[in-house]
2 protein chains.
Amino acid sequence: MTEPTRTDKRQHIVETAYGLFKRVGFHATGIDRIIAEADVAKMTMYRHFPSKDDLMVEVLAYRAGRFERQLDRLAEQAATPERKIGTIFDWYGRWFRSADFHGCLFAHALAEFGDPAHPVFQAGARQKNDLKRRMRLILEEMMPADEADSTSAALLMLIEGATLMARIGQPDTAIRDARKAAMAILAAPGRPQ
Amino acid sequence: MTEPTRTDKRQHIVETAYGLFKRVGFHATGIDRIIAEADVAKMTMYRHFPSKDDLMVEVLAYRAGRFERQLDRLAEQAATPERKIGTIFDWYGRWFRSADFHGCLFAHALAEFGDPAHPVFQAGARQKNDLKRRMRLILEEMMPADEADSTSAALLMLIEGATLMARIGQPDTAIRDARKAAMAILAAPGRPQ
DNA sequence: ACATAGATAGACAGACCTGTCTCACCGCAA
DNA sequence: TTGCGGTGAGACAGGTCTGTCTATCTATGT
């Protein structure tokens, strides 16, 4: 606790920017609005983050970390691989129904920044690859590695598609249909254990 | 052919803007850049489109129309419902591999415009609902209506997720895994015909 | 009490945004 | 040749963008 204020302010800026990027968008959110809502000086923000790009990357990293920790906690409560996958779909179902659901910030980052070399694009892509890897590792407990790879890809696609469908109006049917499809994929022939 | 120039210019502006929105993004593309690339006067653009919002909606409508016509043409060449669904996945596979693939413009519109009341958001949502309906009508030829509804939702999710995965670097595995998952869903138990 | 170091508020610069307006130009009819 | 409707280019207005800078305030150590 040598410099509590510095850390608090930094985190406060990140969380405020997160809320704005989520609700308004990356390009559509200006620095002035972030500092006004966070109630900090512009120089305070620019001391912590050299540019808006850096702030966006930091917001995405913060969000990704929180997401990973929540899934870790849920996974350790689940006994079987099937249940671990189930808890991920559970998480998404609750998220879709939450009051401040505005779609996936990482998908939005990929949409707004078309250049694959841009750090914001890469931060978005990283979270998708991380989630796929998480599911692949779970699936490798119950199927061969190559099958786990393609199956984790399919589950990720269902999740991303469901997030988009939830965004355009049907959160309940989106998670229900995604879960149903996931069950069908996991019970696919060739691995009828 | 009473006013060929007017129509040509209008269409030329739409197509130029389409390329820029696709490559650069909606917010990141300025009016000045559109008119420069289309080589028209600013007033010419504003005579055809009262605002940038109107232009964006028109671009999305143009793109949606072209997409629908392509799928119509492919569908009428396919005999069975399974093959009709297959041609849709074929179309996406070719698109993912095309040189100017930059992800789904409709999904990007949803990402950039968070307000569901915004006409650009609605144009994006409309294309997703239209594609789901198209697949639902095909599926109703081979399964009960309620099942066709949830199955078409699942297929749409796979397609949207595959588009996202193709965007972050694996177009070939994305379409292959999506198609494999789609087969598993269509062959799901309870309808083993 | 005083010095110092860091944080703050807000003005400012320069670029870019959307959208408007003016004025020159061009083809065509009489 | 003269008049006219429509199109062209580009200046302009007013606002917003990111990022910098300066001057003031605050807190702390001695």
Side-chain angles (χ1 to χ4, degrees), chain A residues 1-21 23-60 108-109 112-115 118-121 123, chain B residues 1-21 23-60 108-109 112-115 118-121 123:
Chain A
M1 204 181 276
T2 51
E3 291 172 278
T5 306
R6 161 168 287 173
T7 307
D8 289 355
K9 287 280 180 188
R10 182 190 175 86
Q11 186 59 20
H12 180 59
I13 292 169
V14 167
E15 287 171 14
T16 304
Y18 165 57
L20 282 166
F21 290 153
R23 297 197 309 273
V24 182
F26 290 98
H27 283 104
T29 300
I31 295 286
D32 285 347
R33 186 157 175 194
I34 294 170
I35 63 168
E37 195 147 313
D39 199 32
V40 297
K42 189 176 268 196
M43 274 309 289
T44 305
M45 205 219 81
Y46 274 101
R47 187 157 14 86
H48 287 296
F49 310 100
S51 72
K52 188 185 174 184
D53 279 10
D54 293 88
L55 175 59
M56 292 187 287
V57 170
E58 186 99 355
V59 165
L60 290 168
H108 294 179
E112 289 209 40
F113 295 85
D115 178 11
H118 196 288
V120 171
F121 181 101
Chain B
M1 205 181 278
T2 51
E3 293 172 277
T5 305
R6 162 167 286 174
T7 306
D8 289 353
K9 288 278 180 189
R10 182 189 175 87
Q11 188 58 22
H12 179 59
I13 293 169
V14 167
E15 287 172 12
T16 303
Y18 165 56
L20 283 167
F21 290 153
R23 295 197 310 274
V24 183
F26 290 99
H27 284 105
T29 300
I31 295 287
D32 285 346
R33 185 156 175 193
I34 294 171
I35 63 167
E37 196 147 313
D39 199 33
V40 297
K42 189 176 267 194
M43 274 311 288
T44 305
M45 204 220 82
Y46 274 103
R47 191 160 0 92
H48 288 296
F49 310 99
S51 71
K52 187 184 174 184
D53 279 9
D54 292 89
L55 175 58
M56 292 186 287
V57 169
E58 187 98 354
V59 165
L60 289 168
H108 294 180
E112 288 209 41
F113 296 85
D115 179 11
H118 196 288
V120 172
F121 181 102

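Proteins come first, then strands; the chains are lettered A, B, ... in the order of their sequence lines, and each starts at number 1. Computed over heavy atoms, backbone and side chain alike; hydrogens, waters and symmetry mates excluded.
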To check you understand the geometry: which heavy-atom pair defines the closest contact between A:T29 and A:K52, and what is its length? O-NZ, 2.8 Å
Between A:I13 (CD1) and C:dT8 (C1'), how many Å, whole number? 12 Å
Rounded to the nearest 0.5 Å, what's the gap from CD1 on A:I31 to CE on A:M45? Could you check? 4.0 Å
Using the side chain to side chain contact (heavy atoms under 4.5 Å, CB included) criterion, which residues pair with A:V120? Sequence neighbours excluded. A:M56, A:V57, A:L60, A:A109, A:F113, A:H118
Please find the pair of heavy atoms, one from A:E112 and one from A:F26, that lie closest to each other, and give the distance. OE2-N, 3.0 Å
The side chain of A:M43 lies closest to which of these nucleotides: C:dG10, C:dA7, D:dG10? C:dG10
Sub-4.0 Å heavy-atom contacts from residues 49-56 of chain A onto DNA chain D, ordered by number: A:S51, A:K52
Contact summary for B:S51 and B:D54, nearest pair of heavy atoms: OG-OD1, 2.5 Å
Sorted by number, the residues of residues 28-42 of chain A with heavy-atom contact under 4.0 Å to DNA chain D: A:T29, A:G30, A:I31, A:D32, A:K42
Can you check the B:M45 CE to D:dA9 P distance for me, whole Å? 14 Å
For B:Y46, the side chain to side chain donor-acceptor pair (under 3.5 Å) test, sequence neighbours excluded, returns none
If I take atom CZ from residue A:R10 and atom CD from residue A:E58, how far apart are they, to the nearest 0.5 angstrom? 4.0 Å
Rounded to whole angstroms, how far apart are NZ on A:K9 and C1' on C:dA9? 12 Å
All N/O donor-acceptor pairs, side-chain side in residues 32-42 of chain B, below 3.5 Å, sequence neighbours left out:
from	atom 1	to	atom 2	distance (Å)
B:D32	OD1	B:K42	NZ	3.0
B:E37	OE2	B:R23	NH2	3.1

Using atom CZ of B:F26 as one end and atom P of C:dC17 as the other, report the distance to the nearest whole Å. 16 Å
Does a nitrogen or oxygen in the side chain of B:T44 sit under 4.0 Å from OP1 or OP2 of D:dG8? yes
Using a cut-off of less than 4.0 Å, is there contact between a side-chain N or O of A:R47 and OP1 or OP2 of C:dG6? no
Rounded distance [0.5 Å steps], OG1 in B:T44 versus NE2 in B:H12: 11.0 Å
Measure from the side chain of A:Y46, starting at C-beta and using heavy atoms only, and say which of D:dT22, C:dC21, D:dT18 lies closest. D:dT18
